[in-house]
Amino acid sequence: MNAPYPIRGRLAPSPTGFLHLGNAWAFLLAWLACRKDGGTLILRMEDIDPDRSRADYADAIIRDLRWLGLDWDEGPDVGGPCGPYVQSERLSLYAEALDRLASEGHTYPCYCTRKELRTLAGAPHVGDAGAAYPGTCRTLSPERRAELEAAGRRPCVRLRCPEAAYAFEDAVAGPRSATLEACGGDFALRRSDGVVAYQLAVVVDDGLMGVTQVVRGEDLLVSTPRQLALFDLLGFRRPAYMHLPLLCDPEGERLAKRHAGLTLASLRDAGVAPAAVVGYLGHKAGLLEAAVPVHPRDLLPAFAPARLRTLPARVRIEAGLADTLRT
Ligand code: GLU
Ligand code: ZN
């Protein structure tokens, strides 16, 4: 991911739970990708969803990332020129971007209820986009809108998606191309309760923070064409992408909150050393011959996106790993 301009990477955790081994995997690799290129690293707290985000999780995430040995140059705890680095403090920037898209005719209000969207016959499921939105409200007349408003319906705001295919070269996942239709159609930029959608917040932030490389889990690959469309419409330069294979349990299930024994906090409480976690993850990533304890910086010489390309799409951990790591 070499570029003729200064590299800026980011770690973008959502404080909706404690960091687990799967998050540590993604953040370690994102840290390596940025540091390998001599880049500047940003920590951005993505607490845009008020129902799921908690300040104590945000504090715990910072503690756990530091415990692992990761560092950053800009962030909520260290400041920097592109702050604030907490999404809930950036709402006016998202509102400005929405206004701009609206004034250029790129958005429209959608009054459909969840139930209506669910019952649309034959709606295909497309990744995290849910059922593809059929564009029902694209062409509502002003009279019909007024009626719906009068009936108390509160609209979400959707992007009127361009028809183009969005192509990009992923440093690990390879060349990709998709239309937004295939990614779920016109997507929401703001929910009916006023909460800004992840897709918009992440692009406004990556754009305004000058992020040049996005390294994150493969689960977000499906979001990338939508984000590219927003980068283009808002006039930001597109970043380069690296989507990582997901770390999974022995059954191939993606690591998540319910794997409670695999949070960094519980591993630490069980007496696991951070170097053991980093060495294990480095080994799983193909950067170390054996899972020996190391500091993240010890993985820098071996790090290369090409190595990650040889990994399976789902990297499985072994049963009883928490015990193995302790010894
Ligand atoms: N905050 C998002 C998450 O935790 C990641 C956003 C991104 O990397 O684009 O899933
Ligand atoms: Zn609608």
Side-chain angles (χ1 to χ4, degrees), residues 8-20 22-27 29-31 33-34 41-49 52-53 57-58 61 65 85-88 90 107-120 123 127-128 130-141 144-145 148-149 153-161 170 184-192 196-207 209 211 213-228 230-231 238-244 246 254-257:
R8 287 175 65 79
R10 57 18 169 231
L11 309 176
S14 296
T16 57
F18 291 110
L19 282 193
H20 54 71
N23 304 125
W25 160 262
F27 291 137
L29 293 170
W31 184 92
C34 184
L41 195 59
I42 297 164
L43 175 68
R44 183 172 71 228
M45 214 37 89
E46 302 211 320
D47 63 342
I48 194 109
D49 185 343
R52 298 173 61 226
S53 304
Y57 286 141
I61 286 171
L65 290 172
Y85 294 92
V86 176
Q87 286 193 327
S88 59
R90 301 175 61 80
T107 67
Y108 61 91
C110 162
Y111 296 87
C112 299
T113 61
R114 272 172 191 273
K115 192 153 164 245
E116 284 165 355
L117 294 174
R118 253 197 315 273
T119 51
L120 288 165
D128 68 359
Y133 179 70
T136 319
C137 299
R138 250 192 192 230
T139 52
L140 289 183
S141 65
R144 182 72 189 128
R145 279 184 193 155
L148 289 161
E149 298 270 355
R153 289 239 194 158
R154 303 247 309 281
C156 75
V157 176
R158 287 186 189 271
L159 184 74
R160 194 184 296 279
C161 286
D170 191 284
D186 292 351
F187 56 95
L189 300 176
R190 193 179 69 201
R191 299 192 326 209
S192 59
V196 172
Y198 153 71
Q199 308 289 1
L200 179 68
V202 85
V203 169
V204 169
D205 288 351
D206 283 341
M209 293 179 182
V211 167
Q213 66 163 219
V214 170
V215 182
R216 60 188 179 191
E218 167 120 87
D219 54 317
L220 289 168
L221 197 46
V222 67
S223 286
T224 304
R226 282 174 271 178
Q227 293 173 17
L228 290 176
L230 289 173
F231 278 110
R238 296 177 176 194
Y241 287 95
M242 186 188 297
H243 285 90
L244 307 163
L246 298 177
R254 192 181 153 204
L255 292 186
K257 258 179 251 172

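For this chain, numbers begin at 1 and follow the sequence in order. Remember, it's 1-based here, ligands and their atoms both numbered in the order they're listed. None of the values given here were measured: they were computed from a predicted structure.
- The nearest heavy-atom contact from the protein to atom 7 (C) of ligand 1 is R10 NH1, 3.3 Å.
- Inclusion of Y133 in the first shell of the Zn ion (ligand 2) is supported: an N, O or S atom falls under 2.8 Å.
- Between A12 and ligand 1, at least one pair of N/O atoms sits closer than 3.5 Å.
- Put simply, the side chain of Q213 gets close to the backbone of C34: a donor and an acceptor are under 3.5 Å apart.
- Of all atoms in ligand 1, listed by their number and element, those nearer than 4.0 Å to a heavy atom of R216 are 7 (C), 8 (O), 9 (O).
- Enclosure of atom CZ in R154 is not indicated, since only 12 or fewer non-hydrogen atoms of other residues, nucleotides or ligands lie within 6.0 angstrom.
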*Test side chain to side chain contact (heavy atoms under 4.5 Å, CB included) on Q227 and Y198 and set out the steps.*
CA-CA 10 Å; Q227 293 173 17; Y198 153 71; 3.1 Å; yes
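- Judged by distance alone, the side chains of T224 and R216 do bring a donor and an acceptor atom under 3.5 Å apart.
- Exactly one of R90, R10, R8 qualifies for a salt bridge (Lys or Arg N to Asp or Glu O under 4.0 Å) with D205. That residue is R90.
- Of the N or O atoms in E46, one or more lie within a sub-3.5 Å distance of an N or O in ligand 1.
- For ligand 1, the atoms sitting less than 4.0 Å from at least one non-hydrogen atom of Y198 are 6 (C), 7 (C), 9 (O), numbered in the order shown with element in parentheses.
- Contact annotation: C156 places no N, O or S atom under 2.8 Å from the Zn ion (ligand 2).
- Applying salt bridge (Lys or Arg N to Asp or Glu O under 4.0 Å) to D186 and the options R226, R138, R160 leaves one that passes, R138.
- Those atoms of ligand 1 with a heavy atom of V202 less than 4.0 angstrom away are 9 (O).
- The closest non-hydrogen atom to atom 3 (C) of ligand 1, taken over P13, G17, S14, comes from S14.
- Judged purely by atom type and a 3.5 angstrom limit, D206 has no side-chain atom pairing as donor or acceptor with the backbone of V211.
- Heavy atoms of V214 found under 4.0 angstrom from ligand 1: none, in either backbone or side chain.
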